[in-house]
Amino acid sequence: MTHDQAGETLSVGQRDSDLNERSSQGLDEVNFPATGTTAADQSSLSVKVVDDAGELLGGLSGWTWGGLLDIEMLWIREKSRKDGWGSKILLTAEEEACRRGCDRACVSSFTFQAPEFYPLILASAPAFTPGVKAISGLL
């Protein structure tokens, strides 16, 4: 789908790696000076648990930058979901994020995903970070 206006073209499509790269560069040009950070401050983060057979039990993936841990995915295989692994994985990610200088975290989830887990975790977390206004977010 495309829309043209005065020579420009607006299009909608699937993931665009060139767009992502250029947008990331553009945001870095604004964000680094505004926050006093550099590319060296950006880092991906993963926490993985495997069982005795080497099978993936679960894990977390995300990133850290600018004092923020962003949790993109957290998954635990079904048969291990009541064994405390979600909390252990989150605690490990939090400890690593603190080591990297982070003082806050962000996670989003649909209400049907781990409906008993997230309220327990989030009950002890502050709803707002002082000085930061939320743009959007629902749990």
Side-chain angles (χ1 to χ4, degrees):
M1 173 169 151
T2 62
H3 302 281
D4 294 333
Q5 177 180 344
E8 291 86 11
T9 302
L10 174 69
S11 62
V12 177
Q14 300 297 318
R15 184 172 181 87
D16 183 327
S17 59
D18 292 334
L19 171 63
N20 287 354
E21 179 63 28
R22 181 59 188 106
S23 297
S24 181
Q25 290 171 356
L27 287 169
D28 289 348
E29 291 168 5
V30 173
N31 293 343
F32 291 159
T35 61
T37 61
T38 67
D41 298 310
Q42 296 175 318
S43 186
S44 59
L45 173 69
S46 67
V47 178
K48 179 168 71 170
V49 181
V50 295
D51 64 16
D52 293 340
E55 295 294 320
L56 183 64
L57 186 148
L60 174 148
S61 62
W63 52 263
T64 58
W65 175 76
L68 175 69
L69 162 63
D70 184 76
I71 299 167
E72 295 177 329
M73 290 187 277
L74 172 62
W75 173 81
I76 310 295
R77 69 181 177 195
E78 181 126 12
K79 68 181 182 179
S80 300
R81 290 187 183 157
K82 299 292 183 186
D83 297 337
W85 284 110
S87 296
K88 292 174 191 172
I89 289 169
L90 276 177
L91 180 59
T92 301
E94 180 181 336
E95 289 170 351
E96 176 60 18
C98 287
R99 189 190 69 72
R100 295 180 185 190
C102 296
D103 60 3
R104 57 197 179 281
C106 176
V107 63
S108 63
S109 179
F110 291 102
T111 56
F112 64 85
Q113 294 174 323
E116 297 170 4
F117 175 71
Y118 283 114
L120 292 173
I121 297 299
L122 296 175
S124 63
F128 301 100
T129 301
V132 177
K133 293 185 180 181
I135 296 172
S136 65
L138 298 173
L139 260 183

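From a predicted model like this one, the values you see are computed outputs, not experimental measurements. Atom set for the values below is all heavy atoms of this structure, side chains included, hydrogens, waters and symmetry mates excluded.
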Asker: If you define the side chain from C-beta out and look only at heavy atoms, does anything of Thr38 sit under 4.5 Å from Asp41?
Answerer: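 Contact flag for Thr38/Asp41 side chains = yes.
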
Asker: For residues Arg100 and Ser44, report the shortest heavy-atom separation together with the two atoms involved.
Answerer: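 What the structure gives for the nearest pair is NH1-O, 3.0 Å.
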
Asker: Under the 3.5 angstrom rule, does the side chain of Thr92 hit a backbone N or O of Lys88 as a donor-acceptor pair?
Answerer: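 Flag set: sc Thr92 to bb Lys88 pair under 3.5 Å.
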
Asker: State, with a plain yes or no, whether a side-chain heavy atom of Leu56 is found less than 4.5 Å away from one of Lys48.
Answerer: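 SC-SC contact between Leu56 and Lys48 confirmed.
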
Asker: Are the side chains of Gln42 and Trp63 in contact, using a 4.5 Å heavy-atom criterion?
Answerer: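 Side-chain contact under 4.5 Å: no.
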
Asker: Side chains of Asp83 and Ile76, heavy atoms from C-beta outward: is any pair under 4.5 Å?
Answerer: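 With C-beta onward as the side chain, the pair stays apart.
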
Asker: Taking atom OG1 of Thr64 and atom CZ of Arg99, what is their separation to the nearest 0.5 Å?
Answerer: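 Interatomic distance, Thr64 OG1 to Arg99 CZ, rounded to 0.5 Å: 9.0 Å.
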
Asker: Working to the nearest 0.5 angstrom, can you tell me the gap between Arg15 CZ and Ser17 OG?
Answerer: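 These two atoms lie 8.0 Å from each other.
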
Asker: Going by heavy atoms in the side chains, are Trp75 and Arg81 under 4.5 Å from each other?
Answerer: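 The answer is yes; the side chains approach within 4.5 Å.
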
Asker: Would you compute the distance between atom CD of Glu72 and atom OG of Ser46 and round it to the nearest 0.5 angstrom?
Answerer: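 These two atoms lie 11.0 Å from each other.
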
Asker: Quick check on Glu78: does its CD atom have over 12 non-hydrogen neighbours (other residues, nucleotides or ligands) under 6.0 Å away?
Answerer: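 Not more than 12 within 6.0 Å, no.
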
Asker: Please report the closest heavy-atom contact between Thr37 and Gly66, naming both atoms and the distance.
Answerer: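 Nearest heavy atoms, Thr37 then Gly66: CG2-CA, 4.3 Å.
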
Asker: Does Lys82, at its NZ atom, have more than 12 non-hydrogen atoms belonging to other residues, nucleotides or ligands within less than 6.0 Å?
Answerer: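 No, NZ of Lys82 has 12 or fewer neighbouring heavy atoms, counting only those of other groups under 6.0 Å.
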
Asker: Does a side chain donor of either Gln25 or Glu21 reach within less than 3.5 Å of an acceptor in the other side chain?
Answerer: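 There is such a pair (donor and acceptor under 3.5 Å, judged by atom type) between the side chains of Gln25 and Glu21.
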
Asker: Taking all atoms of both residues into account, what is the closest heavy-atom pair of Gly58 and Ile89, and its distance?
Answerer: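 Closest pair (atom of Gly58, atom of Ile89, distance): C-CD1, 4.1 Å.
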
Asker: Contact between Glu96 and Leu45 at the side-chain level, heavy atoms closer than 4.5 Å - yes or no?
Answerer: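 When only atoms from C-beta onward are counted, Leu45 and Glu96 do touch, with a gap below 4.5 Å.
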
Asker: Which atom names give the shortest non-hydrogen contact between Leu57 and Ser80, and what distance separates them?
Answerer: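 Looking at all heavy atoms of both residues, the closest pair is CG-OG, 3.6 Å.
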
Asker: Compare all side-chain heavy atoms of Leu60 with those of Leu90 and state whether any distance is below 4.5 angstrom.
Answerer: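 The answer is yes, as the side chains (C-beta and beyond) meet within the 4.5 Å cut-off.
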
Asker: Report the distance from atom CH2 of Trp85 to atom CG of Asp51, rounding to the nearest 0.5 Å.
Answerer: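 These two atoms lie 10.0 Å from each other.
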
Asker: Hey, could you give me the OG/CG distance between Ser11 and Leu19, rounded to the nearest 0.5 Å?
Answerer: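 Spacing of OG (Ser11) from CG (Leu19) equals 8.5 Å.
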
Asker: Identify whether Leu68 and Val47 are in the same connected component of the hydrophobic contact network (ILVMFWY, side-chain heavy atoms under 4.5 Å).
Answerer: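 Looking at the clustering, Val47 is in a separate group from Leu68.
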
